[in-house]
Amino acid sequence: MRRAVLLIIGLCFLTSITRPAFSEKPLRLFFEKNISVEAKPGQEHTVRQGEWLFKILQDKGYSGAQIQQLMPGIQALNPHIPNLSHLKPGQIIRLPEGVAPAPPAPARPASDIPSDTYEKRAYVVQAGDTLVDILQNQGVSASLIFGKYMDLFLELNPSIPDANTLRAGQEIILPVIKGGARPAVAPAEATRPQEPEQTGQAPQPAPVPAKPVTIVAVPVSPDTRVEAVTNQTGTPRQGPPGASSSAAAGPAVSQAAPAPEPEPSPLPESRPEKHAQPEAADNDSAANATGSAETRTPQTGLPFIKTVLKEMRFGFMPGDESMFPLPGSGWLHVKLFETPLVEAPWGDKILFCPVPKSADWVANANKLGMKVCTVSPRWSLPEVLEKLAQTFPGNFRLWSADRDLVLTRSGVGLTLQSPQMAIVNMGGRKTVNMVWARQTPGESPLPQGLHEVLDEAQVNVIELDAYNELSRLPARPRESIYVPAATHMDLIRAINPANPEAYFGQGLPADLSALLQLLRSKDDLHQGMASASWASGPGTRIGIQVPAWNVSGGASRIILLDRRFADPYLVSVLSREGYTCFVLPD
């Protein structure tokens, strides 16, 4: 080693004493080292928008049992992903190789029922429904259900593996007897004796449904016919425009009935009238020409709960199913479509459980820091809010429906009352969440700017229309609102007395100070409050009170505001309530 070092030093010395031409090219030594990099096992998958781990594996053909076996290996292959239950679009996830996907499901038998004997009808599965009950309520006999109609149902719903996997809130397509006529008899039924026909006898209508059903609009083929909601007499249900049907049973959703082409039917068909909409006359005439009918029902159930809780800053975990690793070993399998996982604004994780769970499942959820809140399958909003208040008394408090909540924020008084009002404590900051539900479709929304005034006071108003859907006027830019400063000439024009000479004397006041002194002498300037209030049915009310100088003796309600109350949104709201507002100079 020493000899090699001396040799290198000697070479460097000889190079330095050579000609300058050689000194411009110093000696360069190159070293090479081969590093072997082993390829990471598994296959890569780039997460797309709307994907989660369970869905990715299901799309690749793995069964639920195989997914549970793969989870430890997937976790070991992806140490760069801290939480496999919260994948983000664009992430690269590695999946194990060597596991054969689940064998494909056996081919479904094709139905031989002629397509002209039945209609395709959309239906939303309700809690406690079975396929047999649903088809019987639609007028299909038990012999047909257990004959060929079961195969026909699976043929019309290829995404449903079998008839025993229906869940509440799922949208399905039903085959229903067309026009009350009995479909063509299957070969197995052709040998049955037929009853003798009687001349002059009217055709028998289809069996009457035993309970009302809820129909929704879903993407179906062009020849699909979606019926309107029917009542127990089998005729389309009609009512006055704008009538609320919140008492209807089951989860109600928006629906639309596209107009079918007229077909021959043994019974006359009546159609519900189209509700009047505030649109252009050309659109109305076009709608009437096509004979379209539209019916909306209030949103209820879990979709309504999600709408309200999301506005209260609760976050719902996306997806249908997910698996969470337990401490030590094992996994917690959560079906999110029936047991939603929610993250509260204060950080706790909540599992709303409308279906019974075993004690082991609940214990495993508690090990992961998840609070299990048992609720009824009806998904009632008051019940869910009450359960949150009982489980998290330090973070979630319900306000009594029959008591006013009186607040003062920066000198502005607020009076709130609502059947559903909750105070949420997030790290010491309290926010009032108030549900404001309009009673009829024709009821006016809250005025533009009021939401922004209440937001400044930590009051979050969840404004819903008559169908329990979010509805509020868009916010205006703060810079687009004009806030008038008080001048003596503008104030004189606003007062506009009937006899100016008798009111102001021989000459007008020279400035604002002189005008205010004149108003005080006439007892037309009083310190008080400017107030405005709004109500929506019994027990729902919002009131605001703003300190102001009230000017009387004029043709309009004139108020003078201090500079601290010169918020553009507040001035805009008071102006809409009939006040002529001026801001006093400093």
Between Phe392 and Trp346, ring centroids under 6.0 Å | yes
Are the charged groups of Glu469 and Arg296 less than 4.0 angstrom apart, N to O?
-> yes
For Ser376 and Glu383, run side-chain hydrogen bond (donor to acceptor under 3.5 Å, both in side chains): C-alpha distance rounded to whole Å, both residues' side-chain angles, the deciding distance at 0.1 Å, then the answer.
-> CA-CA 8 Å; Ser376 69; Glu383 179 192 5; 2.7 Å; yes
What is the distance from atom CD of Glu463 to atom CG of Asn460, rounded to the nearest 0.5 Å?
-> 11.5 Å
Would a 4.5 Å heavy-atom cut-off, applied to side chains only, mark Ile462 and Leu470 as touching?
-> yes
Could you go through the side-chain contact (heavy atoms from CB on, under 4.5 Å) check for Trp534 and Arg541 one step at a time?
-> CA-CA 6 Å; Trp534 303 265; Arg541 187 170 64 91; over 6 Å; no
CD1/Ile542 to CG/Leu454 distance, rounded to the nearest 0.5 angstrom?
-> 5.5 Å
Going by heavy atoms in the side chains, are Leu95 and Ile56 under 4.5 Å from each other?
-> yes
Applying side-chain contact (heavy atoms from CB on, under 4.5 Å) between Leu388 and each of Leu309, Val342, Val424, Asn395, report the one that passes.
-> Leu309
One should read off an interatomic distance between Lys357 NZ and Asn364 CG, to the nearest 0.5 angstrom, of 12.0 Å
Neighbour count above 12 (heavy atom, 6.0 Å) for Arg397 CZ | no
Take atom CZ of Arg378 as the centre, draw a 6.0 Å sphere, and report whether it contains more than 12 heavy atoms from other residues, nucleotides or ligands.
-> no
Between the CH2 atom in Trp331 and the OG atom in Ser322, the distance rounded to the nearest 0.5 Å is 9.5 Å
Gln91 and Thr46 side chains, donor-acceptor separation under 3.5 Å | no
Trace of the salt bridge (charged side-chain N to carboxylate O under 4.0 Å, His left out) decision for Arg472 with Glu452 | CA-CA 12 Å; Arg472 56 174 285 187; Glu452 288 72 25; 3.2 Å; yes
Carboxylate-amine/guanidinium proximity below 4.0 Å for Arg94 and Glu44 = yes
For Lys371, look at atom NZ and say whether over 12 heavy atoms of other residues, nucleotides or ligands are found less than 6.0 Å away.
-> no
Pairwise distance CG(Leu341) to CE(Met370) - rounded to 0.5 angstrom | 5.0 Å
Taking all heavy atoms of Glu311 and all of Asn433, pick out the closest pair and write down the distance.
-> O-OD1, 4.1 Å
For Ile74 and Pro96, work out which heavy atoms get closest and say how close.
-> CG1-CD, 3.4 Å
Checking Ser536, Ser444, Ser471 against Arg438 for side chain to side chain donor-acceptor pair (under 3.5 Å), the one that qualifies is Ser471
Residue Arg48 excluded, over 12 heavy atoms near CZ under 6.0 Å | no
Could you tell me the separation between the CZ atom of Arg313 and the OG1 atom of Thr431, rounded to the nearest 0.5 Å?
-> 7.5 Å
